[in-house]
Amino acid sequence: MDVTPERLTNNCRAVREILSRVGDKWSIQVVVSLRDGPQRFNALKRVVEGISQQMLARTLKALEREGLIERRVLPDTPPRVEYTLTPLGHSLSQAVRILALWAEDHAEEIAENRARYDAG
């Protein structure tokens with residue numbers, strides 16, 4: 001298949017849209033929080049530091065729309081809702097984990113670069 005300028009533009013647009021959804025601060029934290037298993041809404045709210053109830057609800061809906069998480073209503077009394085990563089969400093969590101490890105490995109170097117830049 002030939003790569004045309006139009007195809008490149010369309011692919012870039014699609015990639016930008018996806019990265020803007022999965023790359024925002026709240027989505028990443030929710031995905032990381034769900035990596036080890038299902039969580040209920042209030043548990044996620046406690047784990048994702050600083051997120052408001054409204055922002056968490058919006059983030060969960062957006063991630064569900066993208067197919068990254070699944071919302072399950074459990075047949076308890078009262079009904080319980082929990083969120084879990086889909087296989088697509090797990091694949092994203094792997095990529096996020098690699099990025100987090102990179103950040104951890106280079107945090108000191110980046111801090112030194114920032115200090116040098118700010119001083120100069």
Side-chain angles (χ1 to χ4, degrees):
M1 188 178 265
D2 286 340
V3 177
T4 64
E6 181 181 90
R7 182 163 180 218
L8 281 174
T9 300
N10 290 340
N11 286 342
C12 288
R13 190 175 308 125
V15 169
R16 273 195 311 270
E17 288 175 12
I18 292 167
L19 288 177
S20 77
R21 160 51 40 220
V22 301
D24 74 79
K25 145 179 163 174
W26 301 122
S27 294
I28 293 294
Q29 290 183 58
V30 168
V31 167
V32 168
S33 298
L34 291 172
R35 188 170 46 215
D36 292 330
Q39 297 268 352
R40 294 179 63 189
F41 185 92
N42 285 330
L44 283 169
K45 188 162 179 336
R46 283 190 297 274
V47 172
V48 180
E49 191 173 317
I51 195 167
S52 70
Q53 186 167 334
Q54 182 182 20
M55 182 55 72
L56 179 56
R58 265 192 271 177
T59 300
L60 290 168
K61 284 181 183 185
L63 291 171
E64 184 179 13
R65 179 175 182 255
E66 300 290 336
L68 297 167
I69 66 168
E70 181 179 280
R71 179 183 184 270
R72 276 190 286 193
V73 179
L74 302 173
D76 293 340
T77 305
R80 289 187 324 156
V81 175
E82 66 180 24
Y83 299 88
T84 188
L85 290 177
T86 63
L88 184 61
H90 275 289
S91 69
L92 174 61
S93 78
Q94 295 295 329
V96 169
R97 182 175 177 274
I98 290 167
L99 182 59
L101 290 172
W102 178 90
E104 195 174 274
D105 288 347
H106 295 88
E108 188 175 320
E109 181 180 354
I110 290 170
E112 291 167 359
N113 290 337
R114 286 176 181 165
R116 189 170 33 259
Y117 181 90
D118 293 345

Colleague: From Thr84 OG1 over to Ile69 CD1, what is the distance, rounded to the nearest 0.5 angstrom?
Modeller: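 If I round to the nearest 0.5 Å, the distance is 9.0 Å.
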
Colleague: How long is the straight-line distance from CD of Glu70 back to CG of Leu88, given to the nearest 0.5 Å?
Modeller: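 One gets 12.5 Å once the value is rounded to the nearest 0.5 Å.
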
Colleague: I'd like to check Leu56 versus Phe41 (side-chain heavy atoms, cut-off strictly below 4.5 Å). Are they in contact?
Modeller: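 Yes; the side chains approach each other to less than 4.5 Å.
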
Colleague: From Arg35 CZ over to Gln94 CD, what is the distance, rounded to the nearest 0.5 angstrom?
Modeller: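 If we round to the nearest 0.5 Å, Arg35:CZ and Gln94:CD are 7.5 Å apart.
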
Colleague: Quick check for you: to the nearest 0.5 Å, what is the distance between Ile51 atom CD1 and Arg46 atom CZ?
Modeller: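 That separation rounds to 14.0 Å.
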
Colleague: Are Val47 and Val96 linked, directly or through other ILVMFWY residues, by side chains that come within less than 4.5 angstrom of each other?
Modeller: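 As far as the 4.5 Å side-chain criterion goes, Val96 and Val47 are not connected within one cluster.
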
Colleague: Could you tell me which non-hydrogen atom of Asp76 sits nearest to which non-hydrogen atom of Arg80, and how far apart they are?
Modeller: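 For Asp76 versus Arg80, the nearest heavy atoms are OD2-NE, 2.8 Å.
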
Colleague: So which heavy atom on Val22 is nearest to which on Ser27, and how close?
Modeller: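 Where Val22 meets Ser27 most closely, the heavy atoms are O-CB, 4.1 Å.
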
Colleague: Do Leu60 and Leu44 come within less than 4.5 Å of each other through their side chains, counting heavy atoms only?
Modeller: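 Counting from C-beta outward, Leu60 and Leu44 do come under 4.5 Å.
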
Colleague: Minimum heavy-atom separation for Glu64 and Arg71, please, with both atom names.
Modeller: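 Glu64 and Arg71 have their closest heavy atoms at OE2-CB, 3.5 Å.
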
Colleague: Roughly how far, to the nearest 0.5 Å, is CG of Leu63 from CG of Leu34?
Modeller: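 Reported value, rounded in 0.5 Å steps: 8.5 Å.
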
Colleague: Does one hydrophobic cluster hold both Leu85 and Leu99, with members joined at side-chain heavy-atom distances below 4.5 Å?
Modeller: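 As far as the 4.5 Å side-chain criterion goes, Leu99 and Leu85 are not connected within one cluster.
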
Colleague: For the residue pair Ser93 and Val31, what are the closest heavy atoms and their distance?
Modeller: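 Of all heavy-atom pairs spanning Ser93 and Val31, the closest is CB-CG1, 3.7 Å.
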
Colleague: For Glu112, I'd like to know if atom CD has over 12 heavy atoms of other residues, nucleotides or ligands within 6.0 Å.
Modeller: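 Correct, the count exceeds 12.
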
Colleague: How long is the span from the CD1 atom in Ile18 to the CZ atom in Arg21, to the nearest 0.5 Å?
Modeller: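 Going from CD1 on Ile18 over to CZ on Arg21, the span is 12.0 Å.
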
Colleague: Give a yes or no on whether Val73 and Tyr83 share a hydrophobic cluster (residues Ile, Leu, Val, Met, Phe, Trp, Tyr; joining criterion: side-chain heavy atoms under 4.5 Å apart).
Modeller: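 Yes.
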
